[in-house]
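To start, the structure under review is shown below, and the notes come after it.
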Amino acid sequence: MKFLTTLLATTVLALPASAATLRITVTNTQAAPSEGSAGFALTPVYTALHNGNFDSVTAGSAVSAGVETLAELGNPSLLPAERTADGVSPGSVATTISNGRPLFGGESATVEIDVDDFENQRYFSFLSMVVPSNDLFIANADPLAYNLFNDDGTFVGPQTINVSGVNVWDAGTEANDASITGGAAFVAGSDATAGVVTDGVATSGFSELATYLGASTVPGFSIDESLGFDGFFSDFSNAYTFNLATITIEEVAPVPLPAGGLLLLSGLGLGGIVARRKKKMQNA
């Protein structure tokens, strides 16, 4: 019996350990398109699980080429190389959350991502372009803000991140201009590559949201002008209550080994004992 217990324990330990799987859902909490107007939209959201060194934006500093490309065009393609360059965050993982187009008000998109190295994948970061705009984007400035795992590697529990006006940044790389010739992305008739280049640095972009109130977008709706009533965007204290999105992170429960699987392991163990005893009897 001792042999069987040892065998079963060894067999169970030998089974491949399944990585923790996290389900990440982004919901645009702005007003859905209705009667020709809507709230701001978001481009597909780039999310990364890293070791805490992936610092995507710092107030008063120039943004990277990858963040600039995301902020101006909604394109995150340069971010993976920056995330892993020069040992910034080795072992980190990332994914883009999308429904195939910009996420309009009231819409959600979900992905599941596997975590097999929690030390290098324990902190969460997000980036997405706010549209319409020239170079406004959302991001968490503190790369250590969202720690998803305890020191023993267990998930800390479901989290909900409220993405507010505080998380809106102006990349400072292009002049904010909602006119047709201003180069803002997602404005109807505008060429998103034709904006006026500036040499500024990253600053809060909350007040700049007012630039795009009333702008006509490619899908045909306009940004609701009532969002900026009574100079709403000129008072930064309102940034804390202006909600653009929520991000929820939860662990997907691992699939337990079926009872039949345990019985099979037991059967294999007993079969081995029986075989050993038969062999001894034959050699006696």
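These figures come from a predicted structure and were not determined experimentally.
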Path from [X] to [Y] over hydrophobic side-chain contacts below 4.5 Å:
| X | Y | answer |
| --- | --- | --- |
| Val166 | Tyr146 | yes |
| Leu127 | Ile249 | no |
| Ile138 | Leu70 | no |
| Leu213 | Phe206 | yes |
| Val131 | Val168 | yes |

Problem set entry | Verdict with reasoning, Phe54 to Tyr123, per ring-ring contact (aromatic ring centres under 6.0 Å, His included) | CA-CA 9 Å; Phe54 179 52; Tyr123 295 100; over 10 Å; no
For this session: Just do the side-chain contact (heavy atoms from CB on, under 4.5 Å) check on Thr211 and Phe233 with the steps written out, would you?
Result: CA-CA 10 Å; Thr211 304; Phe233 292 108; over 6 Å; no
For [X] and [Y], which heavy atoms make the closest approach, and how far apart are they?
| X | Y | answer |
| --- | --- | --- |
| Trp169 | Ala59 | CZ3-CB, 3.7 Å |
| His50 | Ser89 | CB-OG, 3.0 Å |
| Leu22 | Glu251 | CD2-CA, 4.0 Å |
| Gly74 | Pro76 | O-CD, 3.4 Å |
| Pro90 | Gly87 | CD-O, 3.3 Å |

Taking [X] for the side chain and [Y] for the main chain, is one N or O donor matched with an acceptor at less than 3.5 Å?
| X | Y | value |
| --- | --- | --- |
| Ser190 | Val187 | no |
| Asn28 | Leu103 | yes |
| Thr29 | Leu244 | yes |
| Asn140 | Phe126 | yes |
| Asn134 | Gly182 | yes |
| Asn150 | Asp152 | no |
| Thr198 | Gly172 | yes |
| Glu208 | Gly205 | no |
| Ser216 | Ala188 | no |

Exercise. Side chain to side chain donor-acceptor pair (under 3.5 Å) between Thr246 and Asn162: does it pass, once the steps are laid out?
Worked result: CA-CA 5 Å; Thr246 59; Asn162 292 312; 5.7 Å; no
Roughly how far, to the nearest 0.5 Å, is [atom2] of [Y] from [atom1] of [X]?
| X | Y | atom1 | atom2 | answer |
| --- | --- | --- | --- | --- |
| Ser204 | Asn167 | OG | CG | 10.0 Å |
| Ser56 | Glu82 | OG | CD | 10.0 Å |
| Leu49 | Ile113 | CG | CD1 | 4.5 Å |
| Thr217 | Ile223 | OG1 | CD1 | 6.0 Å |
| Gln159 | Glu250 | CD | CD | 11.5 Å |
| Asn238 | Leu227 | CG | CG | 12.0 Å |

Exercise. Can you list the steps and then say if Phe186 with Tyr212 is a ring-ring contact (aromatic ring centres under 6.0 Å, His included)?
Worked result: CA-CA 11 Å; Phe186 214 57; Tyr212 305 97; over 10 Å; no
Problem set entry | Test side-chain hydrogen bond (donor to acceptor under 3.5 Å, both in side chains) applied to Asp230 - qualifying residues, sequence neighbours left out | none
Problem set entry | Partner set under side-chain hydrogen bond (donor to acceptor under 3.5 Å, both in side chains) for Ser164, not counting sequence neighbours | none
With a 4.5 Å limit on heavy-atom distance, are the side chains of [X] and [Y] in contact?
| X | Y | answer |
| --- | --- | --- |
| Pro143 | Asn53 | no |
| Glu68 | Phe137 | no |
| Val57 | Val67 | no |
| Ile161 | Phe124 | yes |
| Asp135 | Asn176 | yes |

Exercise. What's the verdict on side-chain contact (heavy atoms from CB on, under 4.5 Å) for Thr248 and Arg23, showing C-alpha distance, side-chain angles and the deciding distance?
Worked result: CA-CA 8 Å; Thr248 59; Arg23 179 180 294 123; over 6 Å; no
Exercise. Knowing that exactly one of Thr110, Val111, Thr25 qualifies, which makes a side-chain contact (heavy atoms from CB on, under 4.5 Å) with Ile97?
Worked result: Val111
Problem set entry | Among Leu148, Asp151, Val156, the one residue meeting side-chain contact (heavy atoms from CB on, under 4.5 Å) with Arg122 | Asp151
If you count every heavy atom of other residues, nucleotides or ligands that lies below 6.0 Å from [X] atom [atom1], does the total exceed 12?
| X | atom1 | value |
| --- | --- | --- |
| Ile180 | CD1 | no |
| Phe236 | CZ | yes |
| Asp86 | CG | no |

Problem set entry | Trace of the side-chain contact (heavy atoms from CB on, under 4.5 Å) decision for Val115 with Phe155 | CA-CA 10 Å; Val115 177; Phe155 182 57; over 6 Å; no
Which donor-acceptor pairs under 3.5 Å do the side chains of residues 35-43 make with protein atoms, sequence neighbours left out?
| unit_1 | atom_1 | unit_2 | atom_2 | d |
| --- | --- | --- | --- | --- |
| Thr43 | OG1 | Ser128 | OG | 3.3 |
| Thr43 | OG1 | Met129 | N | 2.9 |

For this session: Give the ring-plane orientation class for Phe149 versus Phe118, where under 30° counts as parallel, over 60° as perpendicular and anything between as tilted.
Result: tilted
For this session: Start with the C-alpha gap between Thr84 and Ser92, add the side-chain angles, then the distance that decides, and say whether side-chain contact (heavy atoms from CB on, under 4.5 Å) holds.
Result: CA-CA 8 Å; Thr84 57; Ser92 61; 4.1 Å; yes
